[in-house]
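Comments concern the structure below.
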2 protein chains.
Amino acid sequence: MSQLINGMKKTTIYEIANALAIDSSTVSRALNDSPRVSKNTKEKVLKKAKELGYSTNLLASNLRQNKSNTIGIVVPRISRFFFSTTIAGIEEAAFTQGYNVIISQSLEQLDREKKIINNFVANRVDGVLISISWETENCTHLKHLQDLNIPLVFFDRHCASMTNTNKIITGDYEGAYQATNHLIEKGCKKIAHFAGPQTLELYKNRLNGYKMALENNKMKFDPALVQESSLMKNYGYESMKSLMEKIDDIDGVFSANDAAAVGAMKYLSRIGKRIPNDIAFVGFSNDPLSEVIDPPLSTVDQFGFEMGKKACELLIENINAKGKNPWQYRTVVLQPNLIERKSSQKPVKIT
Amino acid sequence: MSQLINGMKKTTIYEIANALAIDSSTVSRALNDSPRVSKNTKEKVLKKAKELGYSTNLLASNLRQNKSNTIGIVVPRISRFFFSTTIAGIEEAAFTQGYNVIISQSLEQLDREKKIINNFVANRVDGVLISISWETENCTHLKHLQDLNIPLVFFDRHCASMTNTNKIITGDYEGAYQATNHLIEKGCKKIAHFAGPQTLELYKNRLNGYKMALENNKMKFDPALVQESSLMKNYGYESMKSLMEKIDDIDGVFSANDAAAVGAMKYLSRIGKRIPNDIAFVGFSNDPLSEVIDPPLSTVDQFGFEMGKKACELLIENINAKGKNPWQYRTVVLQPNLIERKSSQKPVKIT
DNA sequence: AGATTAAATACAATCGATTGTATAATTTTT
DNA sequence: AAAAATTATACAATCGATTGTATTTAATCT
């Protein structure tokens, strides 16, 4: 095993070629196991490569092949549970297929998102997976990607204005419908909704699912029962507080995420309300918090890992199809799953 | 704005050079704002570049400059809260300084870790940030990185066998000492410890902190009170169960992470024990779970985001120092912070 | 104006691997 | 054994940007 002195230059195929008195092209082909090289030479090359501590320079290889074997990921925040789970799924699929992932966070800022996309283009990523920021209403920077023939897949949050594109999303409408309907079945008469930023399609859909469930059960939709916020925990707390001050006979809450529900539950337990007896709760996302809070929070499971994995597989499929027959953009909807826990088990009223 | 037809070749500096009848080297220098190019030409180049939709090919640039502006990160699991927080910190620092991050997960497997490192070397990352897997006892693959003169910084989990290296770690011993001492102060007489895999330095240190706190308070250390596991939630549940079946007068638990503590608390609430009155709890990490569980769990805050940010800054410093005076390896210890919550507030006994 | 210095640009090699084409070596066929 | 067909290897261009050196052009000085 060769000892490399600090800062010594890395071995290249030329050094291997020199050492064996053959041509660099033969070395390259040998290393790539090309049928154009004899078994004998391949063995010699491999042996010498090991001896010299050779490691392919993928920068060179990538340049020549005009392919980086890299996928760019943009998420609002890496540390948010749902996104870190999705990323885990993406990484898993990417690793299996020999792709690297580079990850950047938009921090919900459009201008950061644009910068990131530019950087990805400059780095010649083979494809992009993105969950857009709150601020992203104008998607020209993403359309531009498609113009450049760089495959793109949205996951979870997508651009409503782009119809011709790949996306993999949750059945938000259906999940919200189920959740609300479940509360109604448990006997709730006045159900509030914590809505997320209505710039995002997915929160609109959750609101619509809520509305439609009410309507189908002949309950009137009351805008005063809807609180829109960023759905962070403290907003759940505040939303609940201001709702309760205005309307005191709320007996159910469907929250568009778990964090806000948790915040609200904390407020209610502080003011002595019982869950689910006084107010029943259903959240969304199946955040680990939901299982731990007391009482455990009913929620809608989103399968983040699965979504990431599928999104990545779809992207790679698209990458591999480049240059072949025209690509058919695909929309995959993952149907979520209502998990019933104690927070929504209202005792049956005897009437 | 030029419309690119699907699959059209990307513009290069040569096209810009041709269009303006100047040399490509001048274009390159103009784009990099070199003082060797006149203001006039710079403007013309920039204008033409925009017109042709030019985007630097960093693959080419990186090859030439033998620098990828990329940092490789290896973590056991991206979706674990502590790691996703750390990654967020790393990404933040990297973005600020113009670096990309590529992320891979070892899934606690040594052979995956080795593959990842090889891949990072082939991709010529400028530096590596790693939190090693459980299985990683032999660190030759990481020593190899240093031989290749690729800067390396460990964070959180490091190799005990490597003394000459950069690392940024938590004051695990001190944190554990504080946590245990706190339980003792609250009147606990028989404190159990949920220990993590003892292959990892950090869990050894937490165990030692626990031991030393007992010793300094003249309490005997009893190995039967220590349960070693992977510290996943269900292991906390099981550990507590098997402990209680053997020893029934335990009145405090210091768990080396929060998840295991939460599992144990769930078990105790099931069998009707009261927390903190019967058994007080302190966890480690300040996982979001700890704030939400009832009663809220006292824990030791680890500042994951901070750790990631500092680790990345240290790495970049090391990268920039390459080739200059010999680098002094650094060890940074972030002192953790005990957060007292209800789970450890044992009512004072009147004696 | 002519010489000297400075500014701006052009030339050409280079980073390390890949790949189409040409040539040499070997094997098969007749 | 000569011709044809295979197989193995060598040659040389290429990917797109960077950078040291050389050359041309413009500005300054005496």
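Each chain gets a letter, A, B and so on, in the order the sequences are listed, and its residues count up from 1. Predicted model only: the values in this text are computed from it and were never measured.
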field: Side-chain donor/acceptor of B:Glu91 to backbone N/O of A:Gln105, under 3.5 Å
entry: yes

Distances under 3.5 Å between protein N/O atoms and the N/O atoms of nucleotides 23-25 of chain C, please, pair by pair.
none

message: Given the structure, check if the side chain of A:Thr12 and the base of C:dC15 hold any donor-acceptor pair shorter than 3.5 Å.
response: no

- request: Using a cut-off of strictly less than 4.0 Å, decide whether B:Thr41 has a side-chain nitrogen or oxygen near OP1 or OP2 of C:dT9.
  value: yes

- prompt: For residues B:Asn69 and B:Asn100, is any side-chain donor paired with an opposing acceptor at under 3.5 Å?
  reply: no

query: Between B:Leu31 (CG) and D:dT18 (P), how many Å, whole number?
result: 8 Å

- request: Look at all strands and tell whether B:Asn57 reaches a base, only sugar-phosphate, or nothing, counting heavy atoms closer than 4.0 Å.
  value: sugar-phosphate

- request: Give B:Asn62 one of three labels, base, sugar-phosphate or nothing, depending on what nucleic acid heavy atoms sit under 4.0 Å from its own.
  value: nothing

field: Atom NZ of B:Lys67: over 12 foreign heavy atoms under 6.0 Å
entry: yes

- prompt: Does NZ belonging to B:Lys143 count more than 12 external heavy atoms closer than 6.0 Å?
  reply: yes

Rounded distance in Å - CG (A:Asp33) to C1' (C:dT19): 17 Å

- request: Pick base, sugar-phosphate or nothing for A:Ala21, based on heavy-atom distances below 4.0 Å to the nucleic acid.
  value: sugar-phosphate

message: Any base atoms under 4.0 Å from B:Ser61, or only sugar-phosphate, or nothing? Heavy atoms, all strands.
response: sugar-phosphate

message: Here's a test of your reading of the structure: between A:Thr26 and B:Asp23, which maps to the more 5' nucleotide of DNA chain C?
response: B:Asp23

message: I'd like to know if the side chain of B:Asp156 reaches the main chain of B:Ser131, judged simply by a donor and an acceptor atom lying under 3.5 Å from each other, with no hydrogens or angles considered.
response: no

- request: Return the value, rounded to whole Å, for the distance between atom OH of A:Tyr14 and atom C1' of C:dA17.
  value: 6 Å

task: Using a heavy-atom cut-off of under 4.0 Å over every strand shown, decide if A:Ser38 touches base, sugar-phosphate, or nothing.
output: sugar-phosphate

query: OP1, OP2 of C:dC11 versus side-chain N and O of B:Ser25: anything below 4.0 Å?
result: no

task: Measure the distance from CD on B:Glu43 to P on C:dA8 and round it to the nearest whole Å.
output: 13 Å

field: Atom-to-atom span, NZ of A:Lys67 to C1' of C:dA17 - whole angstrom
entry: 16 Å

Sugar-phosphate only, base, or nothing, as touched by A:Ile22 at under 4.0 Å among non-hydrogen atoms: sugar-phosphate

query: So which one's nearest nucleotide on DNA chain C is more toward 5', A:Arg36 or A:Ser28?
result: A:Ser28

- prompt: When you check the phosphate oxygens OP1 and OP2 of D:dT19, does a side-chain N or O of B:Gln65 lie under 4.0 Å from one of them?
  reply: yes

- request: Starting from the C-alpha separation in whole Å, work towards a yes-or-no answer on side-chain hydrogen bond (donor to acceptor under 3.5 Å, both in side chains) for B:Thr140 and B:Asn138.
  value: CA-CA 6 Å; B:Thr140 43; B:Asn138 179 329; 2.9 Å; yes

query: Of the candidate nucleotides D:dA8, C:dA17, D:dG16, which contains the atom at the shortest distance from the side chain of A:Arg64?
result: C:dA17

- request: Looking only at side-chain atoms of B:Arg29, point me to the closest of C:dC11, D:dA10, D:dA17.
  value: C:dC11

- prompt: Whole Å only: how far is the CG atom of A:Asn66 from the P atom of D:dA17?
  reply: 11 Å

message: Tell me the interatomic distance from A:Leu63, atom CG, to C:dG16, atom C1', rounded to whole angstroms.
response: 9 Å

- prompt: When the distance from CG of A:Asn40 to P of D:dT9 is rounded to whole Å, what number comes out?
  reply: 8 Å

- prompt: Under the 3.5 angstrom rule, does the side chain of B:Asn32 hit a backbone N or O of B:Ser28 as a donor-acceptor pair?
  reply: yes

message: Checking A:Glu15 against A:Thr12: is there a side-chain donor and acceptor pair closer than 3.5 Å?
response: yes

